[in-house]
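As a basis for the values below, the full set of heavy atoms in this structure was taken, side chains included, without hydrogen atoms, waters or symmetry mates.
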Amino acid sequence: AAPANNARPADPQAAHNKEEGRRERQAEFEAGLRQEQEQARQRANEKSIEDIERVITSTTSSRPVFKRTTDIWSQILNERDAKGPDRQNISEQVTLVAVGDKSCGKSTMLYRYLEKGDIIEPTTALEYAFGRRAKRFSSTGARDIIHSWELAGGQRQSMLLEAALTPSVAHSAAALICVDLSRPALVLDTVTNWIEILRRRVEDCLKDLRSRQDALAESLRKKSETLFPSDHPDKPNVRPIGIPVVIVGMKYDVYEDLDLSSRRVISRAIRYLAHLNGCSVVFISKEEEALMARFRNIVNNHLFDDTRIKTPITDHTKPLIVPAGTDSFDQIGQPSGASGSVSTTVGLRVWREAMTEYFPKKAEDRDDEDVGALDDSKFQEPVVDAARIEKEKELEKYKRDANSRAAASRATYVNNAKGGGTNEAYERAAARQQGKV
């Protein structure tokens with residue numbers, strides 16, 4: 001049976017454990033920073049080699065022409081020639097699209113990722129921002145550009161996705177599906193609906209590129225093939241969306257206060273959906289920089305092929321971080337009492353039933369489409385509003401006059417009909433006319 005109250009009572013030991021977990025994550029974050037600094041120092045020691053090559057290439061109009069010997073410098077130059085252009089010295093442009101639950105913190109998350117200090121106001125429809133990211137190991141000062149789009153209003157505004165995820169950028173795009181962990185009753189609906197919306201949009205982009213025989217179609221196709229390991233045992237049952245997608249669990253600090261059994265169900269249900277569709281998972285809180293650092297890591301890996309997270313965290317007592325392809329249906333398992341295959345659509349139904357049992361929808365858990373309407377009062381334009389009201393009045397008057405004419409015409413025909421009968425064809429024509437009006 002579902003627990004009556006999913007929130008844990010105040011417990012000094014629980015508070016201590018929560019604080020201890022935050023300290024451990026902060027220590028892990030600081031250790032990662034020290035490792036990055038050490039890598040930067042090692043890279044600086046190699047900078048003299050890159051300077052030598054840059055001087056050589058700048059003194060000739062073509063590739064350097066000289067006899068390569070077997071000394072160490074020639075070996076290094078030969079290796080670099082074989083590798084081709086260094087991606088670390090090339091500026092790239094990528095697109096990041098954030099969708100999901102309303103008022104769950106998408107704007108804050110994106111602004112912190114882009115390292116912007118602007119005042120954050122509620123997003124009303126589709127908001128664009130951009131950021132620059134310096135290449136960590138670039139010898140030329142190359143900087144990447146991140147085009148960020150945030151879709152507000154939930155699924156009601158999903159048609160605006162076409163403006164953000166276009167055929168020309170799909171090959172270099174990634175998406176974030178943000179779910180509010182403080183409202184677990186809506187988690188599965190949010191994830192499943194947005195996965196299908198994104199899948200359809202990517203398919204439309206691919207069809208458009210193919211119809212124009214655009215070379216980007218091949219880039220998008222190749223990228224979709226690399227989203228999930230080809231040697232994974234679950235590969236036949238996994239349907240990647242076509243672009244990298246990260247399911248972001250927001251408000252982990254609130255979720256952390258749920259009892260362990262509830263957290264176990266939520267985390268495994270999200271892992272199942274993510275694995276089934278070739279997505280990554282990460283739980284974050286704006287209160288913890290260590291969790292935001294993990295978020296940056298997994299997003300940068302998808303956008304820029306940065307260092308991949310090798311060891312996922314699937315423990316439901318800790319914030320999840322599960323890159324696509326590192327989980328499995330066997331590790332996820334099934335809800336208590338369930339049986340049968342977990343890698344089919346039956347598995348999705350089983351997990352939905354388990355979530356409904358633990359978290360039945362309440363009155364305030366209205367569907368995303370209901371809470372996603374725009375507030376027109378923020379965009380008042382007196383002249384336009386007055387013209388609209390006048391046109392609505394004219395439309396209502398036209399409807400009344402048309403109905404009156406149709407009724408009068410019908411009455412006249414009936415009175416003139418022989419024997420008082422009615423003409424069925426006329427009745428149908430009059431009905432259609434009224435319906436059109």
Are Ser158 and Trp194 close enough, and set up right, to give a side chain to side chain contact (heavy atoms under 4.5 Å, CB included), and what steps lead you there?
-> CA-CA 9 Å; Ser158 61; Trp194 276 113; 3.9 Å; yes
Under the side chain to side chain contact (heavy atoms under 4.5 Å, CB included) criterion, do Leu176 and Phe295 qualify, and how do the steps go?
-> CA-CA 11 Å; Leu176 309 175; Phe295 167 75; 3.8 Å; yes
Worked verdict on Lys251 versus Asp101 for salt bridge (Lys or Arg N to Asp or Glu O under 4.0 Å) | CA-CA 12 Å; Lys251 302 183 182 179; Asp101 287 334; over 6 Å; no
Between Ser328 and Asp330, is a side-chain hydrogen bond (donor to acceptor under 3.5 Å, both in side chains) present by the stated rule, with each step listed?
-> CA-CA 5 Å; Ser328 72; Asp330 289 339; 5.4 Å; no
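When side chains are defined from C-beta on, Ile197 counts as touching Arg200, because their heavy atoms get closer than 4.5 Å.
Counted within 6.0 Å of CD on Glu115, heavy atoms from surrounding residues, nucleotides or ligands total 12 or fewer; the atom is thus considered open. At most 12 heavy atoms of other shown residues, nucleotides or ligands fall within 6.0 angstrom of atom NZ in Lys207. No more than 12 heavy atoms of other residues, nucleotides or ligands sit less than 6.0 Å from atom CZ of Arg132.
Checking Met250, Lys286, Glu150 one by one against Met109, the side-chain contact (heavy atoms from CB on, under 4.5 Å) holds for a single residue, Met250.
The ring pair (Phe, Tyr, Trp, His ring centres under 6.0 Å) search around Tyr252 returns Tyr255, not counting sequence neighbours. Every residue two or more places apart in sequence or in another chain that forms a side-chain contact (heavy atoms from CB on, under 4.5 Å) with Thr326 is listed here: Arg308, Pro312, Val322, Pro323. Glu203 meets the side-chain contact (heavy atoms from CB on, under 4.5 Å) test with Arg199; sequence neighbours excluded. Every residue meeting the ring pair (Phe, Tyr, Trp, His ring centres under 6.0 Å) condition with His275, not counting sequence neighbours, appears here in chain and number order: Phe228, His232, Phe329. The side-chain contact (heavy atoms from CB on, under 4.5 Å) search around Glu396 returns Lys399, Arg400, not counting sequence neighbours.
Pairing each heavy atom of Ala173 with each of Lys223, the nearest pair is O-NZ, 3.2 Å. When all heavy atoms are compared, the tightest approach of Arg112 to Glu287 is NH1-N, 4.5 Å. Smallest separation of non-hydrogen atoms from Leu165 and Cys205: O-SG, 3.6 Å. Glu92 and Asp144 make their closest contact through N-OD1, 2.9 Å (heavy atoms, listed as atom of the first residue, atom of the second, distance). Annotation for Thr166 and Arg201: closest pair CA-NH2, 3.9 Å, computed over non-hydrogen atoms. Contact detail for Leu216 and Pro167: the closest heavy-atom pair is CD1-O, 4.3 Å.
Atoms CZ and CD1, on Phe283 and Ile247 in that order, are 9.0 Å from each other to the nearest 0.5 Å.
Within the structure, ring pair (Phe, Tyr, Trp, His ring centres under 6.0 Å) pairs that include any residue of residues 170-190 do not occur (at least two apart or interchain).
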